[in-house]
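This report concerns only the one structure given below.
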Amino acid sequence: MVAMAKDISYDTETTGLYLHGPHEMFSYSTCGWDGEIDICRLDGSKKRQVANNSKLDEMFTWKPQFSSPVVMHNSKFDLTATEKHLGRHVAEDVEFHDTYMQSHILQSNHPSHRLKDLAWELAGIPKDDESAVKSFVAEGGNYSNVPEQLMDEYQRWDAERTMLLHRFLYPKIQASAAFSEIYQMELDLVKTTMRMEERGLMLNVPRTEKMIYKLEQDVEGVLDKIEEFAGERVNPNKTSQLAWLLFDKAKLPILERTAKSKQPKMDKNVIAQLRESNPHAVLDNILQFRSWSRGSTMLQSYLDYADGEGIIHPDIRTCGAKTSRQSSSRPNLQNVQKEGVLLNPYPIPARQCFRPRPGYVNFHLDYSGIELRLLVDYAGEDKLRKIIINGGDPHEPASLVFFRDRFKNARGDLRATLRGASKNMNFAIPYGAAAYKVALGLGMPFEMGKERFEDYRAQFPGLCGLNPRMAALVREQGYVETKFGRWLWVPRNKSYMGTNYLIQGTAAGILKRAQIKVHSYLQRATSGEVRMLLPIHDELVFEFPRKRLGEAGHIFREVRRIMIDFPMFDVPLEVDVQVATFDWSAKKMFNILV
DNA sequence: AAACACGGCGCG
DNA sequence: AAAGCGCGCCGTGTTT
């Protein structure tokens, strides 16, 4: 293991999690290849501060002959803390490692990738070393004023743990060429993601405040209406009170029960069903209450996360999901509500609250139909592949199979509805839906649905064969392997999920690689004036300076080219470009050829 | 007070 | 036997 000899593990201690907010790093620890531990406080005596700062500065400045690869557990956090403390970006060329990524790549479904859990499991290091620090903090202290001796002991172990994990896990990454490529890609992505978090997204603060004010009024109004009907004040968030309102007071029937506690189900699907047979005003009041109160709390949380300039810096976890997808938290900006796409008749136009920075517009580039394209590719479903290549509608053949003449003769809304149901089945079937769900989804009696399902099987043997194939792999080996060579572990007793993991993980692999290349292109071609802000599973959000709008066509032609440049797939990828000049709800198609 | 489970719901 | 999946966050209610 000579190659590892110079490695040094590195762990930071901060006053909290909001590094783009008030929190700061106050100490760090390192552990050398030989187990030598150094605890470096950044507070206290001037002399010590100077020494420890210069060691830090050295670690993150690339020097060809001296540099030691820095090993971290969840490097995005430590690097972000370090950059804030140093007041500069860490050097591009500094080699670093991340045991958190290693763990994700080697065991995607592990219940915990936390340092303490992994170190206990792999090296038998007990997890109780932080109890003294925890109890100090619980008694009113905070992490930065824990007595140094206590803190030293605590830090000592985390640096040691990280080094040990690296010794256990990294050789397993190195042993596979595919894992090595994935690992390097993930490390590159950490830096790309840091630049997005740092830049952040702009909230239209006054507009958000106005919207919250109106929603709060509306919530009061709807609670009054419910009180008029019920004869007393009801809190619809309380299950017992809501059940009383719906099933005792309004005498509505119980249609379903919840999975675990077997209570009457009262979600929006049930309420929609009840609404059809029994258009009781209280049902609408419940939908209004839920949507509006949730809406105002979500908007309030966006306000709380915004800094003085209205900028939100989310935490973008690069391996947030078991399928290797990214996720966003504090706040989650991947689920900002849209208008008019769901069963909710009272949507909140929350996307109106997000705006480009002054002097910028936002571009949204999304892969069109990437999920179906990948399904068709993995399934080798030639008929659909040809339709996609020729720009036809890949959901039309399914519509004809499921609805026959009814679809042939349908126009307008009905045609769209039938196509929509068929489209859902094009996903649901490869993902494991059975005849019962097919009939339900198509709105047909069970026997008819089953018969059409059989027709579909005959027409699309590739698509229908994919799930059994993946399920068999899961049962045999426990994982599915994406075209990038990533192993996605699937619970063996849920082998039908294999196809879903495969598609989701492949799309994530495409988007991640695209992000790295696009980031590097934008740095090179625009000196970082055009920036990527946020990934949303099959979409990238950018900001673009208005003064350079004349170049937008040229730049996004290249971005699009990079995004779809994955020759390993037989089905072509496609990207749609939209521009938002005022807010995210008013997006318009943007023609990059002009 | 903190941690957890659950139902519910937004996005992909 | 039958089964679409992945997240994060909220409010309520229970456990520690």
Side-chain angles (χ1 to χ4, degrees), chain A residues 108-109 134-135 137-140 235-243 256-271 286-287 289-291 293-302 304-305 314-317 319-339 341-344 346-348 350-351 366-367 369-371 375 424-438 440-441 466-468 470-471 480 488 490-491 493-505 507-508 511 534-540 584:
Chain A
S108 59
N109 69 335
K134 279 259 168 73
S135 58
V137 172
E139 282 156 28
N235 179 354
N237 281 329
K238 290 195 194 284
T239 323
S240 55
Q241 292 189 25
L242 184 60
E256 273 178 72
R257 291 193 171 263
T258 60
K260 305 234 160 139
S261 61
K262 307 293 172 200
Q263 294 300 107
K265 209 154 163 57
M266 298 178 287
D267 69 4
K268 65 179 163 68
N269 288 316
V270 167
I271 292 183
I286 295 307
L287 293 178
F289 172 83
R290 287 206 179 135
S291 186
S293 60
R294 179 185 186 277
S296 77
T297 10
M298 292 306 284
L299 292 179
Q300 184 58 52
S301 91
Y302 298 152
D304 295 341
Y305 283 112
D315 178 6
I316 302 167
R317 297 179 55 195
C319 285
K322 293 194 288 293
T323 56
S324 80
R325 265 188 179 183
Q326 290 157 289
S327 70
S328 163
S329 63
R330 294 182 279 125
N332 183 357
L333 291 183
Q334 291 178 326
N335 73 343
V336 180
Q337 196 165 349
K338 292 168 135 185
E339 288 147 274
V341 283
L342 30 96
L343 223 69
N344 179 351
Y346 307 101
I348 306 307
R351 272 165 135 90
D366 69 294
Y367 285 97
I370 191 167
E371 223 179 330
L375 275 170
N424 285 343
M425 289 309 114
N426 267 339
F427 296 115
I429 291 170
Y431 289 161
Y436 166 78
K437 283 278 181 188
V438 173
L440 197 71
L466 184 62
N467 188 282
M470 290 303 126
V480 294
L488 299 170
V490 182
N493 59 348
K494 291 189 176 171
S495 60
Y496 66 93
M497 299 195 324
T499 313
N500 187 269
Y501 274 51
L502 179 74
I503 301 301
Q504 213 179 93
L511 197 75
L534 182 73
I536 321 183
H537 309 308
D538 65 349
E539 174 184 352
L540 294 173
W584 287 12

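Numbers restart at 1 for each chain; the letters A, B, ... are given by sequence-line order, proteins then strands. Only heavy atoms go into these numbers, but all of them, side chains included; no hydrogens, no water, no symmetry mates.
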Exercise. Go through the structure and list residues passing side-chain hydrogen bond (donor to acceptor under 3.5 Å, both in side chains) with A/Y501, not counting sequence neighbours.
Key: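 Once residues adjacent in sequence are excluded, A/Y501 has no partner under the side-chain hydrogen bond (donor to acceptor under 3.5 Å, both in side chains) criterion.
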
Quiz prompt | Partners meeting side-chain hydrogen bond (donor to acceptor under 3.5 Å, both in side chains) with A/Q300 (sequence neighbours left out) | solution =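 In terms of side-chain hydrogen bond (donor to acceptor under 3.5 Å, both in side chains), with neighbours along the sequence ignored, A/Q300 is linked to A/D304.
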
Exercise. Check whether the side chain of A/Q504 and the base of C/dC5 form a donor-acceptor pair under 3.5 Å.
Key: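 Such a pair exists between side chain and base.
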
Report, one pair per line, the protein and nucleotides 9-12 of chain C atoms (nitrogen or oxygen only) whose separation is under 3.5 Å.
residue : atom : partner : partner atom : Å
C/dC9   : OP1  : A/R330  : N            : 2.7
C/dT12  : OP1  : A/N235  : ND2          : 2.9

Quiz item: For A/N235 and A/Q241, which heavy atoms make the closest approach, and how far apart are they?
Solution: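 For A/N235 versus A/Q241, the nearest heavy atoms are N-OE1, 2.7 Å.
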
Quiz prompt | Distance-minimising heavy-atom pair for A/L534 and A/L333 | solution =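 Reported closest heavy-atom pair: CD2-O, 3.6 Å.
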
Phosphate-side-chain proximity, [X] and [N], N/O vs OP1/OP2 below 4.0 Å:
X      : N      : answer
A/K338 : B/dG12 : yes
A/R290 : B/dG8  : no
A/Y501 : C/dG6  : yes
A/K268 : B/dG10 : yes

Quiz item: Rounding to a whole Å, what distance do you find between A/L466:CG and C/dA3:P?
Solution: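 It is 19 Å, rounded to the nearest whole Å.
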
Exercise. Could you check how far CD1 of A/I429 sits from P of C/dA3, rounded to whole Å?
Key: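 Distance check: A/I429 CD1 to C/dA3 P gives 13 Å.
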
Quiz item: Checking all strands, does A/Y496 fall into the base, sugar-phosphate, or nothing category for heavy-atom contacts under 4.0 angstrom?
Solution: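 Base, at least one base atom sits under 4.0 Å.
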
Exercise. Identify whether any heavy atom of A/K265 sits under 4.0 Å from a base atom; if not, whether one sits that close to sugar-phosphate; answer base, sugar-phosphate or nothing.
Key: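 Touches sugar-phosphate only.
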
Quiz item: How does DNA chain C look in dot-bracket notation if pairs are Watson-Crick or G-U with both distances under 3.5 Å, crossing ones as [ ], other-strand ones as |?
Solution: ....||||||||||||

Practice problem: Let me know, please, whether A/H537 or A/G432 comes out on the 5' side of the other along DNA chain C by nearest nucleotide. | Solution: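 Its nearest nucleotide being more 5', the pick is A/G432.
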
Quiz item: Is there side-chain contact between A/S291 and A/I348, with heavy atoms separated by less than 4.5 Å?
Solution: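 With C-beta onward as the side chain, the pair touches.
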
Quiz item: Going through the distances and angles, do A/H537 and A/L511 end up as a side chain to side chain contact (heavy atoms under 4.5 Å, CB included)?
Solution: CA-CA 7 Å; A/H537 309 308; A/L511 197 75; 5.7 Å; no

Quick test: give all pairs of protein nitrogen or oxygen and nucleotides 4-6 of chain B nitrogen or oxygen below 3.5 Å, distance rounded to 0.1 Å.
residue : atom : partner : partner atom : Å
B/dC6   : OP2  : A/K260  : NZ           : 3.4

Quiz item: When you look at A/R290 and A/M266, which way does the side chain to side chain contact (heavy atoms under 4.5 Å, CB included) test go after all the steps?
Solution: CA-CA 11 Å; A/R290 287 206 179 135; A/M266 298 178 287; 4.0 Å; yes

Practice problem: Sort out for me which residue in A/I503, A/N500, A/L375 forms a side chain to side chain contact (heavy atoms under 4.5 Å, CB included) with A/F427. | Solution: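 Single pass found, and it is A/L375.
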
Quiz item: Listed by chain and number, what are the salt bridge (Lys or Arg N to Asp or Glu O under 4.0 Å) partners of A/R330, not counting sequence neighbours?
Solution: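 Testing A/R330 for salt bridge (Lys or Arg N to Asp or Glu O under 4.0 Å), a comparison that skips the adjacent residues, returns A/D315.
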
